Amino acid sequence: MAGGPAGSLGDMPKIAYLGPEGTFCEAALRSLAPEAERMPSANVSAALAAARAGEADGAVVPLENSVEGAITVTLDELAWGGALLISAELLLPVEFSLLARPGTEIPHIKRVYTHPAAITQCRGYLARELPDAVVIAAPSTAGAAQEVSIPGSPYDAAIGPAIAGEHYGLVELAARIGDRDDTVTRFVLVNRPGGPLPAPTGADRTSLVAFLRDDHPGALLEMLSEFAVRGVNLTRIESRPTGDGIGRYFFHFDAEGHVAEARVGEALSGLHRLCADVRFLGSYPRADRVSPQLRTGTAEPDFAEAADWLARVRSGEG
Ligand SMILES: O=C(O)C(=O)Cc1ccccc1
């Protein structure tokens, strides 16, 4: 694990995650690193800070979900915070339950507490079944369940994984309350840079952020062209405000392939020439194991052959 096993027991890596116990994030960590010592953190920023400071060897955080899209705190932390590299990803199906102290009845629920990603994915249920309830954002689903379990809590119910309800002694008043029953959240494991990148597998993803040098017509198109002309397919693009006033944005990209591959490496070099700054966020195996469909002329041997040809031309061989 990159950066050394600071604070871990023996060889067992210590991985921070969005806690407390019972979050979807914990389930993701159990899948991504079953052997790891788990270190619950109060929020996404704290989990990433623990990984940066060496209090943990890495962190597992949510990055996006299939209904609402980006978990923006994670995107912004990866873009602006101390450098971290994604080394693995996981697609976790998520199911939401309405959880309350024993004896609570649904008509009496006036204040619901949960993570913002759960609020956006349970809008239909909330509007239908709890139209008069106020919904309040919590740092995590299990954090909300823990809070609701405290006698005298100002919140009547939490939304979260059924397992969080069991863990904090709540009852499940309703199950599968998400607007869709096929919702998936993508979690990533990040580490401090310094170690080797995960080896290419043939079904990899590369993540990066790019900051424009200046705003002009076609600036985004120019960035996209760096990928397009090398046959690199994008799997996600996200614009995020730089914070320097309205209309100023930077861009997150997820691309198919590994930076060790010529087409991806050359696309990143091209972006580096074009942009004010490019931050590489990692190349790692895709959770869905999908391999890119390579277009003619963009496979590794094509780049190698073209480089040989250019060398011959330059040497005067013609
Ligand atoms: O709060 C949690 O349990 C998390 O892991 C974050 C989250 C919340 C809702 C959907 C997916 C992930």
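Everything numeric in this text was worked out from a predicted model, so none of it was measured.
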Enquirer: Using atom types as modelled and distance alone, determine if a side-chain donor or acceptor of Ser41 lies under 3.5 Å from a backbone N or O of Asn43.
Expert: no

Enquirer: For Arg123 and Glu68: C-alpha separation, side-chain torsions, deciding distance, then whether salt bridge (Lys or Arg N to Asp or Glu O under 4.0 Å) applies.
Expert: CA-CA 11 Å; Arg123 272 196 230 281; Glu68 268 295 309; 3.5 Å; yes

Enquirer: Can you list everything that forms a side-chain contact (heavy atoms from CB on, under 4.5 Å) with Ala260? Sequence neighbours excluded, please.
Expert: Pro200, His258

Enquirer: Applying side-chain contact (heavy atoms from CB on, under 4.5 Å) to Phe187 and Cys25, what does each step give before you reach the verdict?
Expert: CA-CA 7 Å; Phe187 290 86; Cys25 202; 3.8 Å; yes

Enquirer: Tell me whether the count of non-hydrogen atoms from other residues, nucleotides or ligands lying under 6.0 Å of CZ in Arg289 goes above 12.
Expert: yes

Enquirer: Near Trp309 CH2, under 6.0 Å, is it more than 12 heavy atoms from other residues, nucleotides or ligands?
Expert: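 Atom CH2 in Trp309 is not crowded, with 12 or fewer foreign heavy atoms closer than 6.0 Å.
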
Enquirer: Would you say the side-chain atoms of Arg213 pair up with the backbone N or O of Arg273, donor to acceptor, closer than 3.5 Å?
Expert: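 Flag set: sc Arg213 to bb Arg273 pair under 3.5 Å.
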
Enquirer: Return the orientation label for the Phe24 and Phe96 ring planes: parallel under 30°, perpendicular over 60°, tilted otherwise.
Expert: perpendicular

Enquirer: Mind checking whether Leu189 and Val184 sit in one hydrophobic cluster, side chains of I, L, V, M, F, W, Y counted as touching below 4.5 Å?
Expert: no

Enquirer: Under 3.5 Å, is there a donor-acceptor pair between the Arg205 and Thr235 side chains?
Expert: yes

Enquirer: Grouping I, L, V, M, F, W and Y whenever their side-chain heavy atoms are under 4.5 Å apart, do Val94 and Ile177 come out in a common cluster?
Expert: yes

Enquirer: Quick check: is Ile86 connected to Leu208 through a chain of hydrophobic side chains (ILVMFWY, heavy atoms under 4.5 Å apart)?
Expert: no

Enquirer: Assess whether a salt bridge exists between Glu238 and Arg236, defined as any Lys/Arg side-chain N lying under 4.0 Å from an Asp/Glu carboxylate O.
Expert: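 Salt bridge present between Glu238 and Arg236.
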
Enquirer: Would the Phe227 and Phe253 ring centres measure less than 6.0 Å apart?
Expert: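 Phe227 vs Phe253: aromatic centres under 6.0 Å.
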
Enquirer: Mind checking the CG-CD spacing from Asp179 to Gln121? Nearest 0.5 Å is all I need.
Expert: 8.0 Å

Enquirer: Looking only at side chains, do Asp204 and Ser283 share a donor and an acceptor under 3.5 Å apart?
Expert: no

Enquirer: For the pair Asp254 and Arg286, find out whether any cationic side-chain nitrogen is under 4.0 Å from an anionic carboxylate oxygen.
Expert: no

Enquirer: Only one of Glu21, Arg30, Lys14 forms a side-chain contact (heavy atoms from CB on, under 4.5 Å) with Arg38, so which one is it?
Expert: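 For Arg38, the side-chain contact (heavy atoms from CB on, under 4.5 Å) check succeeds only for Arg30.
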
Enquirer: Can you list the steps and then say if Thr120 with Val67 is a side-chain contact (heavy atoms from CB on, under 4.5 Å)?
Expert: CA-CA 8 Å; Thr120 54; Val67 174; over 6 Å; no

Enquirer: Pairing donors with acceptors under 3.5 angstrom, does anything connect the side chains of Tyr284 and Thr206?
Expert: no

Enquirer: Distance check, rounded to the nearest 0.5 Å: Arg312 atom CZ versus Leu310 atom CG?
Expert: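 With rounding to 0.5 Å, CZ (Arg312) is 10.0 Å from CG (Leu310).
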
Enquirer: Please determine whether a side-chain nitrogen of the Lys or Arg among Glu77 and Arg52 lies less than 4.0 Å from a carboxylate oxygen of the Asp or Glu.
Expert: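 Looking at Arg52 together with Glu77, the answer is yes, because their closest N to O distance falls below 4.0 Å.
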
Enquirer: Do the side chains of Arg263 and Glu256 get close enough for a salt bridge, i.e. N-O under 4.0 angstrom?
Expert: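 Not counted as a salt bridge, because no side-chain N and carboxylate O are separated by less than 4.0 Å.
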
Enquirer: Checking the side chain of Asp57 only, and the main-chain atoms of Ile15 only, is there a donor and an acceptor separated by less than 3.5 Å?
Expert: no

Enquirer: Could you tell me whether the side chains of Gln146 and His167 share a donor-acceptor contact shorter than 3.5 Å?
Expert: no

Enquirer: Take Arg240 and Asp76 through the salt bridge (Lys or Arg N to Asp or Glu O under 4.0 Å) test and state the conclusion after the steps.
Expert: CA-CA 8 Å; Arg240 293 289 304 146; Asp76 290 348; 2.6 Å; yes

Enquirer: Could you go through the side-chain contact (heavy atoms from CB on, under 4.5 Å) check for Val148 and Leu99 one step at a time?
Expert: CA-CA 8 Å; Val148 167; Leu99 309 164; over 6 Å; no

Enquirer: Is there a continuous path of hydrophobic side-chain contacts, each under 4.5 Å between heavy atoms, that joins Leu173 to Ile119?
Expert: yes

